[in-house]
Amino acid sequence: MYTTVLVAVDLSEDSKKVIETARKIAGESSKLHLVHVVEPVTAAYSMDIYAINVSEMQQEAIKFAEEKLLEIGQQLTIDADRVHTLLGAPAPEIRNLANEIGADAIVIGSHGHSGWKILLGSTAIKVLHGSTCDVMTVHVGKND
Ligand code: AMP
């Protein structure tokens, strides 16, 4: 039985299935952690001509993700200190956090926003490469 399980969610509807599966593989006394990584707003939008405040947009995205993830955590009675909203590239951030919290398993969806047709380059594959603990993918998508 795994003792510390990190569940990576993209905040889509599929997140529920990923979390449910994580609960099944986690033991009664296991610690379940949730993570969502907000990707940096790209520099392309920071050009003055667009008149967009990039740092405001970034803060809004982080705030939205934090609230949404905390809401999911509360529904599942996961303590707030085990709910992590991070900023950066999803795969390395998920792997680093798994190391930090001493996770013995990462649970992640097989597909997400990028769609079920795109497997290569998906977050799940990137997390798998270089991970130092078990990685379980949960089949999600249109063909389930
Ligand atoms: P994708 O790479 O978009 O096909 O997503 C595959 C799976 O990776 C999703 O079902 C989530 O479990 C996870 N995932 C994707 N993006 C993120 C993210 N930004 N933060 C945390 N997990 C993510």
Side-chain angles (χ1 to χ4, degrees), residues 1-46 50 52-144:
M1 214 42 112
Y2 294 107
T3 57
T4 305
V5 178
L6 178 60
V7 193
V9 292
D10 60 5
L11 305 178
S12 69
E13 270 301 299
D14 288 331
S15 302
K16 284 182 197 149
K17 188 175 177 189
V18 178
I19 295 166
E20 272 166 24
T21 306
R23 287 224 122 145
K24 285 183 200 154
I25 69 154
E28 285 279 306
S29 55
S30 306
K31 290 192 185 97
L32 213 62
H33 288 251
L34 277 184
V35 62
H36 176 75
V37 186
V38 179
E39 294 187 62
V41 176
T42 61
Y45 293 104
S46 68
Y50 293 130
I52 292 172
N53 187 330
V54 174
S55 99
E56 229 172 68
M57 264 175 73
Q58 187 74 80
Q59 288 312 312
E60 280 296 310
I62 294 169
K63 191 166 166 265
F64 172 84
E66 272 172 354
E67 287 172 2
K68 183 94 181 146
L69 200 62
L70 273 173
E71 193 185 305
I72 296 173
Q74 270 168 5
Q75 283 165 7
L76 298 164
T77 59
I78 297 175
D79 291 346
D81 62 348
R82 283 195 248 135
V83 174
H84 314 266
T85 303
L86 307 175
L87 176 68
E93 291 296 333
I94 293 166
R95 277 198 309 261
N96 289 344
L97 179 63
N99 287 337
E100 243 172 66
I101 63 172
D104 42 13
I106 299 171
V107 178
I108 191 163
S110 56
H111 303 92
H113 291 309
S114 44
W116 62 272
K117 286 179 188 161
I118 305 166
L119 184 61
L120 223 92
S122 77
T123 310
I125 287 185
K126 288 182 191 159
V127 166
L128 189 59
H129 289 291
S131 173
T132 52
C133 67
D134 289 358
V135 179
M136 179 184 186
T137 57
V138 179
H139 181 77
V140 291
K142 289 177 182 165
N143 54 344
D144 60 354

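In each ligand, atom 1 is the first atom listed, and ligand 1 is the first ligand listed.
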**Prompt:** For Val127, which of Leu6, Ile108, Thr137 qualifies under side chain to side chain contact (heavy atoms under 4.5 Å, CB included)?
**Reply:** Ile108
**N or O contact, Val18 vs ligand 1, cut-off under 3.5 Å** = no
**Message:** Any nitrogen or oxygen of Thr123, side chain or backbone, less than 3.5 Å from one on ligand 1?
**Reply:** yes
Tell me the contacting part of [X] for ligand 1: side chain, backbone, both, or neither, using a 4.0 Å heavy-atom threshold, strictly below.
X      : result
Val9   : backbone
Pro90  : side chain
Val127 : neither

**Prompt:** Should Glu13 and Lys16 be marked as a side chain to side chain contact (heavy atoms under 4.5 Å, CB included) after you check the CA-CA gap, both sets of side-chain angles, and the distance that decides it?
**Reply:** CA-CA 6 Å; Glu13 270 301 299; Lys16 284 182 197 149; 3.2 Å; yes
Atom indices of ligand 1 within 4.0 angstrom of [X] heavy atoms, with elements:
X      : answer
Ile108 : 7 (C), 8 (O), 12 (O), 13 (C)
Ser122 : 2 (O), 4 (O)
Ile94  : 21 (C), 22 (N)
Val35  : 21 (C)

**Prompt:** Is the side chain of Ser30 donor-acceptor paired with the backbone N or O of Gly27 at a distance under 3.5 Å, no angle test?
**Reply:** yes
**Request:** Indicate yes or no for a side-chain donor-acceptor contact from Ser110 to the backbone of Val140 under 3.5 Å, with no hydrogens or angles considered.
**Result:** yes
**Message:** Does Gln75 have more than 12 heavy atoms from other residues, nucleotides or ligands lying within 6.0 Å of its CD?
**Reply:** yes
**Item:** salt bridge (charged side-chain N to carboxylate O under 4.0 Å, His left out) partners of residues 23-39, not counting sequence neighbours, each pair once
**Value:** none
**Fill in**
Out of Ala8, Gly88, Ala65, the nearest non-hydrogen contact to atom 11 (C) of ligand 1 is supplied by Ala8
**Request:** With sequence neighbours excluded, give me every side chain to side chain donor-acceptor pair (under 3.5 Å) pair touching residues 78-106.
**Result:** Thr3-Asp104, His33-His84, Asn99-Thr132
